[in-house]
Amino acid sequence: MPELPEVETVRRSLEERLLGLQIKKITINHHSVIAAPEVPAFQENLLEQTFLQVGRRGKYLIFDLTSNWKMVVHLRMTGRLVYGDAGMPLLKHTHVIFSLDNGAELRFTDPRRFGRIWLVPAQDIALISGLSTLGPEPLGGEFSPEVFQEQLHRRKTKIKSLLLDQRFIAGIGNIYADEILFRSCIHPERSADSLSDEEIKCLFQSVIDILQEAVEHRGTSFSDYVDGLGAKGTHQNYVKVYQRAGNNCLRCGGVIERMKIGSRSAYYCPQCQK
DNA sequence: AGTTACACCTGGGTGC
DNA sequence: TGCACCCA
DNA sequence: GTGTAAC
């Protein structure tokens with residue numbers, strides 16, 4: 001499940017290869033992954049375009065092109081965007097193939113087909129659902145401890161739900177929400193306004209540290225995730241609670257448990273996280 | 001405002 | 001081996 | 001992972 005660290009790793013690996021390459025052909029095998037515009041317009045406006053830059057906002061990848069249009073990709077749960085030789089084996093569920101002017105290809109593969117690709121005029125980028133309402137980038141300068149604290153004070157929702165809310169903070173998903181709360185020793189069901197200033201300070205720093213460490217490890221590869229060149233990340237070897245129910249806590253030796261919060265699994269240590 | 005249920009999909013793992 | 005179920 | 005509808 002690509003979250004901020006995975007999307008950032010894809011961004012970096014693609015940017016290494018894609019800049020200056022031109023799209024010569026677009027093969028679309030499954031139309032539903034193209035969110036906008038209609039498929040013919042998508043192809044017409046993208047053909048002959050050259051990649052100028054690869055950006056990221058939250059879990060969205062943003063490709064700057066020669067024209068005044070931008071291509072935006074969200075990988076959702078199982079999406080992959082991989083650059084490689086045209087001869088590389090064709091994976092099942094490859095929905096879009098961008099053929100490039102150096103003979104290589106950029107392929108979008110997604111078994112569950114939740115992922116989406118948009119092509120929009122630059123001035124309309126805010127119209128993409130979820131993109132304009134994103135909260136601050138946790139690894140960017142806009143993420144302030146004072147604002148974070150003030151927001152937490154006036155919210156009564158469970159802290160894990162708040163960390164997953166992209167309007168509150170951009171880029172955190174189920175794996176890192178659990179890892180961040182474990183690092184901060186905070187129970188996922190605590191209401192946001194019940195946290196002490198001390199706990200909030202620790203939580204703020206854990207958000208930054210956990211995400212940074214995961215970026216350094218090039219993301220977490222449990223099942224589908226690979227970077228823009230098809231390589232797995234290594235952060236799965238450093239995960240402390242996610243998908244570890246029934247195993248011993250690496251900090252206190254207690255047993256990790258799983259519970260449901262907002263119809264999603266939450267993994268935590270009942271001894272360490274109060 | 002907070003919470004839950006479900007929709008969108010396929011595949012891997014489990015237990016019988 | 002098949003099938004129902006849960007999970008991601 | 002996200003959007004929508006419902007209580």
Side-chain angles (χ1 to χ4, degrees), chain A residues 1-11 29-36 56-62 72-81 90-96 108-118 126-135 138 150-180 187-195 211 214 219-226 232-233 235-236 239 241-247 256-268:
Chain A
M1 348 140 75
E3 307 178 28
L4 186 153
E6 289 74 32
V7 179
E8 176 59 20
T9 305
V10 171
R11 187 198 71 74
N29 297 319
H30 203 109
H31 287 202
S32 74
V33 301
I34 308 299
R56 180 190 60 76
R57 179 77 174 93
K59 302 173 193 171
Y60 294 81
L61 284 163
I62 303 171
V72 177
V73 178
H74 197 303
L75 302 171
R76 298 282 174 94
M77 296 285 273
T78 53
R80 287 181 176 195
L81 209 44
L90 191 63
L91 291 179
K92 199 176 168 183
H93 307 295
T94 298
H95 307 309
V96 184
F108 175 72
T109 306
D110 186 357
R112 295 182 73 177
R113 269 185 271 134
F114 290 167
R116 288 293 178 269
I117 305 178
W118 296 260
L127 300 181
I128 291 169
S129 78
L131 187 51
S132 61
T133 51
L134 285 175
E150 187 253 333
Q151 302 266 299
L152 285 179
H153 280 323
R154 46 193 191 76
R155 295 286 233 113
K156 291 192 180 302
T157 188
K158 289 168 182 155
I159 186 59
K160 169 151 184 187
S161 301
L162 199 52
L163 290 177
L164 289 174
D165 185 346
Q166 303 300 299
R167 296 166 303 186
F168 175 71
I169 180 170
I172 298 175
N174 215 25
I175 298 176
Y176 298 114
D178 285 352
E179 295 300 314
I180 287 162
H187 193 287
E189 279 189 302
R190 287 277 296 283
S191 74
D193 70 352
S194 77
L195 299 186
L211 294 176
T220 304
S221 293
F222 269 122
S223 49
D224 297 277
Y225 166 72
V226 292
K232 291 187 176 193
H235 194 70
Q236 62 277 12
V239 153
V241 284
Y242 186 73
Q243 286 206 333
R244 292 196 65 247
N247 290 300
I256 305 298
E257 288 185 12
R258 177 165 69 90
M259 71 184 311
K260 290 277 185 192
I261 297 179
S263 73
R264 303 196 69 187
S265 288
Y267 297 89
Y268 68 105

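A, B, ... follow the sequence lines: proteins, then strands. Residue 1 opens every chain. Keep in mind it's a predicted model, so treat the numbers as computed, not measured.
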Legend entry - Contact state string [nucleotides 1-7 of chain D, B base, S sugar-phosphate only, - no protein heavy atom under 4.0 Å]: BSS----
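Here A:D224 does not pair with A:R112 in a salt bridge; the nearest charged N to carboxylate O distance is not below 4.0 Å.
Proximity of A:K92 to the phosphate of B:dG11: a side-chain N or O atom is located under 4.0 Å from OP1 or OP2. The phosphate of B:dC9 (OP1 or OP2) has no side-chain N or O of A:H30 nearer than 4.0 angstrom. Distances shown here put every side-chain N or O of A:R113 at or beyond 4.0 Å from the OP1 or OP2 atom of B:dC8.
In this structure, the side chain to side chain contact (heavy atoms under 4.5 Å, CB included) partners of A:R57, at least two apart in sequence or on a different chain, are A:I62, A:L131, A:L134, A:E137, A:E142, A:A170. Take A:D165 and apply the side chain to side chain contact (heavy atoms under 4.5 Å, CB included) test, not counting sequence neighbours, and it matches A:R155, A:R167, A:F168. Legend: residues meeting side chain to side chain contact (heavy atoms under 4.5 Å, CB included) with A:L127, ordered by chain and number and at least two apart, are A:D124. Every residue meeting the side chain to side chain contact (heavy atoms under 4.5 Å, CB included) condition with A:A36, not counting sequence neighbours, appears here in chain and number order: A:W118.
Across C:dA4 and B:dC8, the matching C1' atoms stand 22 Å from one another, rounded to whole Å. B:dA5 and C:dC6 have their P atoms separated by 14 Å, with the value rounded to a whole Å. Atom name P, nucleotides B:dC9 and D:dT4: the rounded distance is 16 Å, in whole Å.
Comparing A:S263 and A:T157 against DNA chain B, the residue whose closest nucleotide sits nearer the 5' end is A:T157.
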Can you give me the N/O atom pairs linking the protein to nucleotides 13-16 of chain B at distances under 3.5 Å, or say none if there are none?
none

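A:Y60 and A:H74 have perpendicular rings, their planes meeting at more than 60° on a 0 to 90° scale where under 30° would count as parallel.
With A:S191 contributing its side chain and A:K158 its backbone, the two residues share no donor-acceptor pair below 3.5 Å.
Between A:Y176 and A:Y242, the ring centre distance reaches or exceeds 6.0 Å.
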